[in-house]
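Data first, discussion second: the structure below is written as structure tokens.
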Amino acid sequence: MKRLLVWSMIACGGFGQTIQVHGHRGARAMRPENTLPAFEYAIAQGVDALELDMAVTKDNVIVVSHDPVLEAPVCTGPREKAVIHELTLAEVREWDCGAKQNPSFPKQQAVPGTKMPTLEEVFALAPKGKFLFNIETKSFVDKPELTPPPEEFARMVLAAIRKHRLEARVVLQSFDFRTLIAMKKLAPQIKLSALYEGPAKDFVAIGKEAGAGIVSPAAKLVTAEQVKAAHAAGLEVLPWTVNTPEEWERLVNAGVDGIISDDPAALIAWLKAKGKR
Ligand code: G3P
Ligand code: CA
């Protein structure tokens with residue numbers, strides 16, 4: 001009977017399984033997304049990784065933004081909207097990216113006066129803990145005018161990683177696999193994560209296409225069979241963006257390696273209550 005219990009726990013991923021907690025855009029449920037207050041909050045909660053998104057200014061500074069365009073409710077400034085890649089860093093810094101609470105996140109605390117951070121400013125938080133940086137190149141095949149070409153984007157990201165000696169603590173993620181393939185050529189030791197959304201697709205095929213060791217699908221695409229096949233191929237599975245206990249339970253039972261959540265503190269508390277952390 002006891003042996004049966006142990007086997008069933010292993011089979012459903014419930015025994016000795018560790019789940020990495022990635023704070024999505026820092027901790028968007030609680031602080032303005034992709035800002036230093038959000039990252040500092042996430043680190044204080046004990047995340048395993050900070051998830052963030054990157055754009056590049058006109059004067060070639062990598063900044064941390066999900067959207068290539070500045071606009072409410074995330075950032076408010078001198079105009080209704082502006083393209084980051086057409087602004088200098090000084091111009092980007094005229095915008096306030098913490099003034100307004102995002103209405104989609106009622107518990108989010110506004111932090112007025114918060115400027116968009118550079119990637120290097122976020123990297124400077126590294127001494128605060130042992131967490132990873134899961135950093136996404138927001139690069140668009142159909143809108144090349146919004147970013148540097150993929151090879152150039154990867155080269156700039158690598159320069160920042162090397163400057164801060166964070167080679168072992170960075171995962172580069174993207175929906176645009178061109179940036180991942182470029183990074184692999186430049187620095188094969190940097191961990192890569194292939195983001196995927198769309199119709200159901202074989203996780204192993206996604207990982208191969210991107211040359212990545214991590215497959216990061218939209219959560220609804222995760223099944224135990226897909227995770228098992230990915231693990232057999234040596235891949236990790238890291239779904240996004242998951243904010244409810246019901247979905248955490250389903251993903252943990254499917255055997256995922258980590259979960260990207262807007263509310264990492266709640267996920268950590270849930271994992272602890274389940275004896276998984
Ligand atoms: O890292 C996964 C997730 O962040 C991808 O979606 O749109 O929030 O960047 P998005
Ligand atoms: Ca992202």
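Every number for a ligand or one of its atoms is a count from 1 in the order of the listing.
- Listed by number with element, the atoms of ligand 1 under 4.0 Å from a non-hydrogen atom of Ile260 are 1 (O), 2 (C).
- Using a 3.5 Å distance cut-off with no hydrogens or angles, the side chains of Asp96 and Thr76 do not pair a donor with an acceptor.
- Nearest to atom 1 (O) of ligand 1 among the protein's heavy atoms is Gln173 OE1, 2.7 Å.
- Applying the 4.0 Å criterion to heavy atoms of Leu195 picks out, from ligand 1, the atoms 1 (O), 2 (C).
- Ligand 1 has no N or O atom lying under 3.5 Å from any N or O atom of Trp240, backbone or side chain.
- Donor-acceptor pairing under 3.5 Å is recorded for the side chains of Asp257 and His231.
- Of all heavy-atom pairs between Ala168 and Leu132, the closest is O-CD2, 4.1 Å.
- Protein N/O/S atoms nearer than 3.0 Å to the Ca ion (ligand 2) total 3.
- Donor-acceptor pairing under 3.5 Å is recorded for the side chains of Glu51 and Gln173.
- For atom 10 (P) of ligand 1, the nearest protein heavy atom (residue, atom name, distance) is His66 NE2, 3.3 Å.
- Interface atoms of ligand 1 facing Lys138, defined by a heavy-atom separation under 4.0 Å, are 7 (O), 9 (O), 10 (P).
- Near Glu136, meaning under 4.0 Å from one of its heavy atoms, ligand 1 places the atoms 4 (O), 5 (C), 9 (O).
- Under a cut-off of 6.0 angstrom, the local environment of CD in Glu80 is sparse, with at most 12 non-hydrogen atoms contributed by other residues, nucleotides or ligands.
- Annotation: atom 3 (C) of ligand 1 to nearest protein heavy atom, His24 NE2, 3.7 Å.
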